[in-house]
Amino acid sequence: LDRTFGFSDNMKQYNCDIVSEIEFTEPNIENGTRNIIIKSKKIYYKDEQNKVVDREENLGSEIYKWNGEAFVENE
């Protein structure tokens with residue numbers, strides 16, 4: 001969770017959080033490995049306390065696959 005806050009009203013576009021949800025795929029039958037899926041969104045707030053949501057922006061998804069040594073981003 002990344003948070004940007006404390007800006008004046010003229011910088012309100014920076015009053016937001018970036019939230020990521022992490023999911024795992026089902027294990028591969030052959031070797032048991034799983035892929036990691038990261039879905040991110042940016043939530044903008046109307047107030048300085050970050051309690052009233054103004055809007056949400058979908059930032060897309062990233063998929064990481066196991067290459068035998070580490071998880072790498074799928075291209």
Side-chain angles (χ1 to χ4, degrees):
L1 173 67
D2 294 328
R3 175 171 278 181
T4 309
F5 59 92
F7 293 102
S8 62
D9 285 341
N10 61 349
M11 305 258 318
K12 196 173 195 174
Q13 70 268 20
Y14 299 110
N15 191 19
C16 62
D17 289 332
I18 297 175
V19 179
S20 296
E21 177 182 332
I22 299 173
E23 298 177 358
F24 295 91
T25 60
E26 291 296 319
N28 183 323
I29 296 173
E30 296 173 8
N31 56 18
T33 61
R34 293 177 175 226
N35 296 333
I36 298 174
I37 303 169
I38 300 175
K39 299 176 182 178
S40 299
K41 65 181 174 180
K42 187 179 275 191
I43 303 172
Y44 293 92
Y45 299 100
K46 292 181 180 181
D47 61 340
E48 290 184 16
Q49 293 80 27
N50 296 343
K51 294 183 178 181
V52 180
V53 175
D54 182 25
R55 63 186 168 93
E56 293 184 12
E57 176 184 343
N58 184 359
L59 299 178
S61 299
E62 298 173 346
I63 299 174
Y64 293 87
K65 294 188 176 212
W66 182 254
N67 70 0
E69 296 179 13
F71 283 99
V72 294
E73 188 170 1
N74 189 24
E75 298 177 6

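Atoms considered below: every heavy atom in the structure, side chains included; atoms not considered: hydrogens, waters and symmetry mates.
- In this view, Val52 and Lys46, Asp47 satisfy the side-chain contact (heavy atoms from CB on, under 4.5 Å) rule, not counting sequence neighbours.
- Annotation for Pro27 and Gly32: closest pair CB-O, 3.9 Å, computed over non-hydrogen atoms.
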*Take Val19 and Ile43, measure what side chain to side chain contact (heavy atoms under 4.5 Å, CB included) needs, and give me the verdict at the end.*
CA-CA 8 Å; Val19 179; Ile43 303 172; 3.9 Å; yes
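- Of the inter-residue distances, the one linking Ser40 atom OG with Glu62 atom CD reads 6.0 Å to the nearest 0.5 angstrom.
- Between atom CG of residue Leu59 and atom NZ of residue Lys42 there is a gap of 6.5 Å, rounded to the nearest 0.5 Å.
- In this structure, CD1 in Ile36 is found 11.5 Å from CD in Glu73, a value given to the nearest 0.5 Å.
- Here the closest non-hydrogen pair linking Phe24 and Arg34 is CB-NH1, 3.9 Å.
- Between Tyr44 atom OH and Asp17 atom CG the span is 11.0 Å, to the nearest 0.5 Å.
- For Asn58, there are no side-chain contact (heavy atoms from CB on, under 4.5 Å) partners, not counting sequence neighbours.
- Note that CG of Asn35 and OG1 of Thr25 are 4.0 Å apart. Values are rounded to the nearest 0.5 Å.
- For Glu23, the salt bridge (charged side-chain N to carboxylate O under 4.0 Å, His left out) test picks out Lys39, with sequence neighbours left out.
- Hydrophobic clustering (side-chain heavy atoms under 4.5 Å, transitive across Ile, Leu, Val, Met, Phe, Trp, Tyr) groups Trp66 together with Tyr64.
- Atom-to-atom distance recorded for Ile63:CD1 and Phe71:CZ is 12.5 Å, nearest 0.5 angstrom.
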